[in-house]
Amino acid sequence: MSGFHATATPFDYPETRMVEASLGHYSDAERPQLMERAQELLAREDALLVAHYYTHPDLQTLADISGGTVADSLEMARFGSASDASTLIVAGVRFMGETAKILNPEKRVLMPTLEAECSLDLGCPIEPFTEFCDAHPDREVVVYANTSAAVKARADWVVTSSCAVRIIAHLMDRDQKILWAPDRHLGHYLQRVTGADMVRWDGHCVVHDEFKFRALGDLAEQHPEAAILVHPESPEEVIAMADVVGSTTQLIQACQDLPNLSFIVATDRRIFHKMQQAAPDKLLLEAPTSGEGATCKSCAHCPWMAMNNLSGLIEVLENGGNEIHVDETIRQQALRSTRRMMEFTAH
Ligand code: 13P
Ligand code: SF4
């Protein structure tokens, strides 16, 4: 079974602000002082930095040297819950901050920016999503972590790309039919790999949707020795060409573990920062987003992730702004589906 509901993604592309944000409003000469100030403030505020691989390398470095973490969305959630810090600074997009708050209501959760959205989350508003669920009462509702707290509250399960296949396979063992939202490509991939009986929402990631399989084929011909690493939010034809399909952490791991000396990588290019650390001698090539039919405005780089920067982080630590709040009733409902994933993946 395939898609039920086509939704527009009502986002306003924040290109100009993205460029400013990714520059971070500071020069190379100012960086050491800012890093030092940020470390002092993290210690003063009893805060840990939980950053995604797509954020600015300065934030990733700061997380590494200050006892925080750089991770995929599942590990970000796990790290936040396992830590003793009273404040979590989540450098990523809104759903990541909300997930931290859902799991840790007693902690203060701050973000360097509250404007960092995700096209999957924006493309799955709660009202039509509720209608979709109501139309399929016999199905287990499984949603990607890239959704609002309200959507998670309506779901039976939350999954991330690192555990989605295992959880869907587990539900199939129990003969359950699935309702999936919101990413159409990940949903299609899950259905193909597991054979699940699935109805799917029709959302997409504005970054991964742009990878082009023809141009990828051309690049692969020029680099026949390169392994192709693909995030499962990418189109079906791109996934079909992959040597490894996985979450951001799984792709970094593959880059380290595989014997290949070169890799073509279909995900946000900021992941190269950690890939290069993990495998310094390997050649990393961006999967093409150009070519026939190219429309991307921010090719291979998430405009919302780029809004996180060191200046914003220092400001929220100094002034306590940008706090994440989740309505308590919604939080408790969202906790059930989110905790199921955390418990399932703990073993
Ligand atoms: P990961 O959980 O694989 O890090 O993916 C999150 C994401 O938003 C990818 O676009
Ligand atoms: Fe969302 Fe795509 Fe950005 Fe990931 S890369 S946060 S899925 S818009």
Side-chain angles (χ1 to χ4, degrees), residues 9-15 18 21-22 50-56 60 69-80 90-100 111 113 115-124 143-148 151 158-167 181-187 189-190 201 203-211 229-235 238-239 242 244-255 265-271 273-275 287 289 296-308 338 341-342 345:
T9 46
F11 61 90
D12 169 21
Y13 238 100
E15 280 172 294
M18 179 195 95
S22 60
V50 185
H52 191 266
Y53 298 115
Y54 297 167
T55 56
H56 193 287
Q60 298 191 38
T69 193
V70 187
D72 69 11
S73 25
L74 180 63
E75 293 166 328
M76 286 173 80
R78 198 175 300 292
F79 182 90
V90 179
V93 295
R94 180 191 292 274
F95 80 82
M96 294 170 173
E98 283 186 354
T99 301
M111 298 188 74
T113 170
E115 291 184 77
E117 302 281 357
C118 166
S119 62
L120 288 168
D121 181 353
L122 292 177
C124 189
V143 300
Y144 198 26
N146 301 38
T147 45
S148 65
V151 165
V158 173
V159 301
T160 73
S161 55
S162 65
C163 60
V165 170
R166 279 185 291 148
I167 289 178
D183 188 58
R184 63 177 177 231
H185 297 310
L186 178 53
Y189 171 69
L190 293 170
W201 190 264
H204 69 281
C205 159
V206 294
V207 178
H208 292 86
D209 197 45
E210 293 292 348
F211 289 114
L229 309 179
V230 175
H231 196 281
E233 291 166 14
S234 307
V238 173
I239 291 181
V244 175
V245 180
S247 76
T248 46
T249 296
Q250 290 163 345
L251 298 184
I252 293 168
Q253 195 64 48
C255 180
V265 183
T267 194
D268 186 298
R269 62 173 175 267
R270 278 268 157 83
I271 201 174
H273 180 66
K274 273 281 169 230
M275 279 186 173
T289 48
C296 57
K297 295 181 178 171
S298 177
C299 297
H301 191 33
C302 177
W304 292 289
M305 288 282 185
M307 291 176 147
N308 293 273
T338 308
M341 168 181 74
M342 301 308 285
T345 54

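Just so you know, ligand 1 is whichever comes first in the structure, and atom 1 is the first atom listed for that ligand.
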Participant: Will you find, in the side chains of E75 and T69, an N or O donor that is under 3.5 Å from an N or O acceptor?
Facilitator: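 Side-chain D/A pair, E75 to T69: absent.
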Participant: Check for a donor-acceptor pair, side chain of W201 on one end and backbone N or O of G123 on the other, with a separation under 3.5 Å.
Facilitator: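 It does hold such a pair.
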Participant: Which of the atoms of ligand 1 are close to Y54, meaning less than 4.0 Å from one of its heavy atoms?
Facilitator: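 The atoms of ligand 1 under 4.0 Å from a heavy atom of Y54 are 9 (C), 10 (O).
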Participant: In terms of atom number and element, which parts of ligand 1 are under 4.0 angstrom from non-hydrogen atoms of H208?
Facilitator: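 Counting from 1, the qualifying ligand atoms are 10 (O).
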Participant: Do you know which two heavy atoms are closest between F95 and A145, and how far apart they sit?
Facilitator: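 Answer, listing the atom of F95 first, then A145: CD1-O, 2.9 Å.
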Participant: Might you point out which heavy atoms bring P182 and N146 nearest each other, and give the distance in Å?
Facilitator: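 Heavy-atom minimum between the residues: CG-O, 4.0 Å.
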Participant: Considering both backbone and side-chain atoms of T160, is one of its nitrogen or oxygen atoms within less than 3.5 Å of a nitrogen or oxygen in ligand 1?
Facilitator: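 Between T160 and ligand 1 (N or O atoms, distance only) the closest approach is not under 3.5 Å.
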Participant: What I want to check is whether the side chains of S247 and D72 have a donor and an acceptor closer together than 3.5 Å.
Facilitator: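 Result is yes, a qualifying pair exists.
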Participant: Taking 4.0 angstrom as the limit and counting only heavy atoms of Y54, give me the atoms of ligand 2 inside it, by number and element.
Facilitator: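 Counting atoms of ligand 2 from 1, those under 4.0 Å from Y54 are 5 (S).
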Participant: For the backbone of S162 and the side chain of Q250, can you confirm whether one donor and one acceptor N or O come within less than 3.5 Å of each other?
Facilitator: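 Yes, Q250 side chain to S162 backbone: donor-acceptor pair under 3.5 Å.
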Participant: Nearest protein heavy atom to atom 8 (O) of ligand 1, by residue and atom, and its distance?
Facilitator: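 Sorting protein heavy atoms by distance from atom 8 (O) of ligand 1 puts N146 ND2, 3.1 Å first.
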Participant: May I ask whether Y53 has any heavy atom positioned less than 4.0 angstrom from an atom of ligand 1?
Facilitator: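 No heavy atom of Y53 comes that close to ligand 1.
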Participant: For ligand 1, is there an atom lying under 4.0 Å from some heavy atom of S161?
Facilitator: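 Yes, S161 has heavy atoms under 4.0 Å from ligand 1.
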Participant: Are any of the N or O atoms of S247 closer than 3.5 Å to those of ligand 1?
Facilitator: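 No, since none of the N or O atoms of S247 sits under 3.5 Å from an N or O of ligand 1.
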Participant: Quick one: list whatever passes ring-ring contact (aromatic ring centres under 6.0 Å, His included) with Y53, sequence neighbours left out.
Facilitator: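 For Y53 there are no ring-ring contact (aromatic ring centres under 6.0 Å, His included) partners, ignoring immediate neighbours.
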Participant: Which of the numbered atoms in ligand 1 are below 4.0 angstrom from a heavy atom of D72?
Facilitator: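 Contacts of ligand 1 toward D72, numbered from 1: 1 (P), 2 (O), 4 (O).
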Participant: What closest approach, in Å, do V245 and P232 show between heavy atoms, and which atom pair accounts for it?
Facilitator: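 Scanning both residues, the minimum pair turns out to be CG1-CB, 3.7 Å.
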Participant: Testing the 3.5 Å rule here: is there a donor-acceptor pair between the side chains of T267 and Y54?
Facilitator: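 On atom types as modelled, these side chains qualify, holding a pair under 3.5 Å.
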Participant: When you measure from atom 9 (C) of ligand 1 to each heavy atom in Q250, E233, M76, H52, which option holds the nearest one?
Facilitator: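 Among Q250, E233, M76, H52, the closest heavy atom to atom 9 (C) of ligand 1 comes from E233.
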Participant: Under 2.8 Å from atom 1 (Fe) of ligand 2, how many protein N/O/S atoms can be counted?
Facilitator: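 With waters ignored, the protein N/O/S count below 2.8 Å is 1.
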